[in-house]
Structures are given as C-alpha cells and as structure tokens.
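One-based numbering, in listed order, for ligands and for the atoms of each.
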Amino acid sequence: MRFVHVVGVRPNFMKIAPIMSALEQHTNVEQLLVHTGQHYDPEMSQVFFDDLGIPRPDVDLGLGSGQHGSQTGRMMIELERVFAELRPDCVVVVGDVNSTMAGALVAAKLRMPCAHVEAGLRSFDRSMPEEINRIVTDRVADLLLTHSADADENLLAEGVPNTAIHLVGNVMIDTLLTHLEHAKRRPTLDSVGVAPGAYALATLHRPSNVDDRIVLESFLDTLEWIQQKLAVVLPLHPRTRRRLGEFSLLERATIMPNLKLIEPLGYLDFLALTASSKFVLTDSGGLQEETTVLGIPCLTLRACTERPVTVSVGTNTVVGSDPQMIRNAVGEILAGRGKAGTIPELWDGRASQRAARVLIGNLTHRPICEG
Ligand code: UD1
C-alpha cells in the first residue's frame with residue numbers, strides 16, 4: 001500500500017508527523033512525502049522537520065507564495081505530474097490550507113483515493129480562504145477523518161454518507177503529548193527573557209486581521225495596553241512583519257518596552273512558550289486546540305471558530321477584534337477568573353494510531369471506483 005502525503009505549510013507538519021509514524025508500524029506500507037513549498041523560510045518549514053523528526057520530503061516542489069488562484073493552480077499542475085508518477089494507493093491531505101485543497105482536487109481528478117485528516121470543521125464564514133478549502137476538500141475526498149463530534153455533524157448535514165466519516169480524534173495533540181516534556185526542558189523562556197506564568201503569548205497572521213491598517217493598528221493598541229500589565233511575546237509571522245512594515249507600524253511595535261517581538265519559532269520552542277504562558281491571544285486554528293489540552297486560557301481574535309469544541313469543552317473564548325471585549329477578557333484572566341476547561345474526547349495521544357487503522361482498513365476493503 002503506497003501512501004503519498006501532501007504537506008505545504010507550518011501547521012501541516014505536526015499533523016503529518018504522527019500519522020507517518022503510526023503507519024510505519026504496519027506491514028506492507030510504503031510512504032512518500034510531498035512538500036509543495038507553500039512555506040519555505042527555514043523557520044516556517046525546515047525547523048519543524050528537524051524538531052519532529054519528519055523524514056526529508058521525497059518530492060520538494062518549492063512553489064512558494066502567490067495569489068490564491070495562481071498558488072493553488074501551480075500546486076495542481078505539479079501534483080498532477082507527481083501523483084501520475086508515484087501512483088499512490090491513497091493520497092493523504094491534512095488541515096485546511098491551499099496545499100490541502102490542491103492535493104485533494106488532483107487526487108479526485110485522477111480518481112485516486114484521498115483521505116482528509118481534520119475533516120468536517122466549519123466556521124460558516126466563507127470570507128476565510130480556509131473555509132473554502134475545507135468545503136472543497138471534504139466534498140472530493142473519499143475518507144474523512146474527524147477530530148470531534150461536531151465535525152461529523154457538519155459532514156452529515158452536508159449529505160456525506162456516514163460510511164465515509166471516521167471519528168479518530170486529534171492527531172496534532174498526539175504530537176503535543178509526545179514532545180511536551182522534552183519541550184519544557186528547553187531554555188526557551190530564558191532566551192526570550194520571560195518567567196513561567198508571567199507573560200502572554202500572542203500570534204496574529206490572518207489576512208482579515210493583518211492586511212487592513214486600521215484593524216492591525218487596533219490590535220497594536222490592545223497589545224500596548226496588555227504589555228503595561230504583563231509581558232507579551234509575539235513571534236511574527238512573515239505576513240504580519242511585512243504588513244507592519246508597509247503600514248509604518250513596525251517601529252511603534254518595536255519600542256513597546258514589554259512587547260517582545262521575535263522571529264517565528266520552531267515547534268519545540270513554541271510549545272515551551274505556550275505551556276508556561278499565563279494566557280494566549282491568537283487568530284490561529286491549531287493553537288486554540290493546543291491551549292485547550294494544556295489548560296491555558298485562550299482568547300481567539302476572530303469573529304467565529306471552526307473548532308467549537310475548544311469553546312464548549314476547552315479553555316477557548318472567542319473575543320473577535322473589539323478592543324473592549326479583549327480587554328475585559330484579559331482583565332478576567334488577570335483577576336484569576338480565566339476559563340478552565342477539560343480535554344475533548346479522543347484528544348488522548350492515540351488519534352494517529354486510530355487514523356492509521358482506518359486508512360489501512362478502508363484501502364484493503366475499498367470498492368472499485370466507478371467511471
Ligand atoms: C497559510 C494558510 C493558513 C495557515 C498559515 C500558517 C492558506 C490559505 N493559508 O497562511 O491557513 O494558518 O499558513 O502559517 O493556505 N511567507 C514567507 N515565508 C514563508 C511563508 C510565507 O515570507 O515561509 C510570506 C509569503 O510570501 C506571503 C505570506 O507570508 O506573502 C503568506 O504566506 P501564505 O502561504 O500565502 O499564507 P499564510 O498567510 O502563511
């Protein structure tokens with residue numbers, strides 16, 4: 001059985017790593033890894049391969065950035081050639097990024113079975129590029145591996161047959177639990193210059209939050225207010241750094257005494273910082289889940305979340321971009337009333353083993369394709 005895994009961006013790497021390890025435990029499995037190169041800076045890509053022990057990609061397309069249409073189009077052109085050559089029994093895509101959708105579409109057009117890991121998540125906000133990617137990927141993939149019951153419900157409501165949906169749990173949490181103790185022993189906090197529990201960790205990179213000067217400046221105002229109360233660490237995504245520069249806001253951010261602007265971090269250093277933070281402010285998807293498992297309050301700087309279980313069960317509060325709402329929520333946490341949650345079902349460190357069994361079981365018994 002030959003699996004071809006497609007990855008492209010930072011949040012894909014921690015999802016594919018445990019799946020590849022779990023499949024490795026099975027006999028008669030061959031795995032090939034294709035990296036589209038959507039993320040290409042060493043600190044956005046290579047460091048994750050090193051930290052997580054992911055094998056070097058068998059195919060590295062080095063496609064880089066671009067507008068959504070042209071970026072996805074270039075990926076499809078190259079992936080069509082690569083899949084035709086590699087002839088996979090199954091293409092595996094993870095998450096909701098342009099590389100995910102490109103891989104799923106090409107597999108579907110070539111009538112190759114495709115599995116989507118982290119299927120069924122919906123924000124119901126089609127202005128998010130990732131929402132389009134989620135819908136399209138789930139529509140064309142054959143096997144939908146989900147991490148929460150709400151994802152199953154979304155898929156069933158869209159008419160996906162029950163037999164295609166497999167609730168396996170959260171593979172990204174497998175990676176977190178595997179590396180947590182090791183990450184905590186790193187000297188990350190010392191090198192950043194913060195003490196455990198005495199800082200907030202912030203990440204900001206969504207186009208809707210950073211591509212508009214007024215919105216980005218308002219977040220900067222809020223960060224300025226927060227850093228007067230406790231240190232804030234902000235690893236800067238390349239998109240955000242570029243926008244701060246274009247809007248002439250970078251210097252203002254740089255001179256705030258208690259705002260620590262740092263380069264993007266590798267997996268282990270970022271996990272070390274998350275695990276010891278007082279709270280997290282973020283517009284990331286994955287971080288909402290990681291904070292839930294770590295029991296760290298998370299304030300999500302978006303109007304909605306495609307990961308509602310982190311709110312209903314976990315430590316997440318969706319605060320949007322309203323400065324007053326964010327300040328109120330920060331005030332609650334600093335007063336010792338941060339949200340305490342529990343860990344969602346099947347986010348137990350064994351999701352990738354379940355995923356591997358589903359992948360192999362369904363390939364073995366797969367019906368012959370029509371057409
Ligand atoms: C992508 C994903 C998003 C994910 C994020 C994680 C899509 C639609 N979006 O967004 O869901 O949360 O990755 O980071 O797939 N850049 C660099 N160096 C890099 C990578 C990017 O400088 O290594 C620059 C690019 O030139 C571009 C910008 O950052 O201008 C954005 O990169 P892109 O891959 O288009 O999307 P992200 O915003 O990173």
* Asked: Which pair of non-hydrogen atoms, one from C114 and one from V93, has the smallest distance, and what is that distance?
  -> SG-CG2, 4.1 Å
* Within-cut-off N or O pair, N133 and ligand 1, under 3.5 Å -> no
* Report yes if some heavy atom in the side chain of N154 is under 4.5 Å from a heavy atom in the side chain of L121; otherwise report no. => no
* May I ask you to identify the nearest protein heavy atom to atom 2 (C) of ligand 1, giving residue, atom name and distance to one decimal place in Å? => V97 CG1, 3.6 Å
* To do: Using the side-chain hydrogen bond (donor to acceptor under 3.5 Å, both in side chains) rule, take Q288 and T282 through it: C-alpha gap first, then chi angles, then the decisive distance, then the call.
  => CA-CA 8 Å; Q288 297 170 48; T282 190; over 6 Å; no
* To do: From atom 39 (O) of ligand 1, work out which of H205, R10, H39 has a heavy atom at the shortest distance.
  => H39
* Which protein heavy atom lies closest to atom 34 (O) of ligand 1, and at what distance to 0.1 Å? -> Q38 NE2, 3.2 Å
* Structure fact -> among protein heavy atoms, the one nearest atom 16 (N) of ligand 1 is Y40 OH, 3.5 Å
* Which of the ligand 1 atoms, numbered from 1, are nearer than 4.0 Å to a heavy atom of R206 -> 11 (O), 12 (O)
* Asked: Is it true that R242 lies under 4.0 Å from ligand 1, counting heavy atoms only?
  -> yes
* Structure fact -> atom 18 (N) of ligand 1 sits nearest the protein heavy atom D41 OD2, 2.8 Å
* May I ask you to identify, for P11, whether its side chain, its backbone, both or neither come under 4.0 Å of ligand 1 on a heavy-atom basis? => side chain
* Salt bridge present between D50 and R56 (N-O < 4.0 angstrom) -> no
* Asked: Counting only heavy atoms, which portion of M44 has something under 4.0 Å from ligand 1: side chain, backbone, both, or neither?
  -> side chain
* Structure fact -> The protein heavy atom nearest to atom 3 (C) of ligand 1 is E130 OE2, 3.3 Å
* Can you tell me which residue and heavy atom of the protein come closest to atom 26 (O) of ligand 1, and the distance to 0.1 Å? -> S65 OG, 2.6 Å
* Asked: Taking the minimum heavy-atom distance to atom 38 (O) of ligand 1, which of E131, Q71, H68, R239 ranks first?
  -> R239
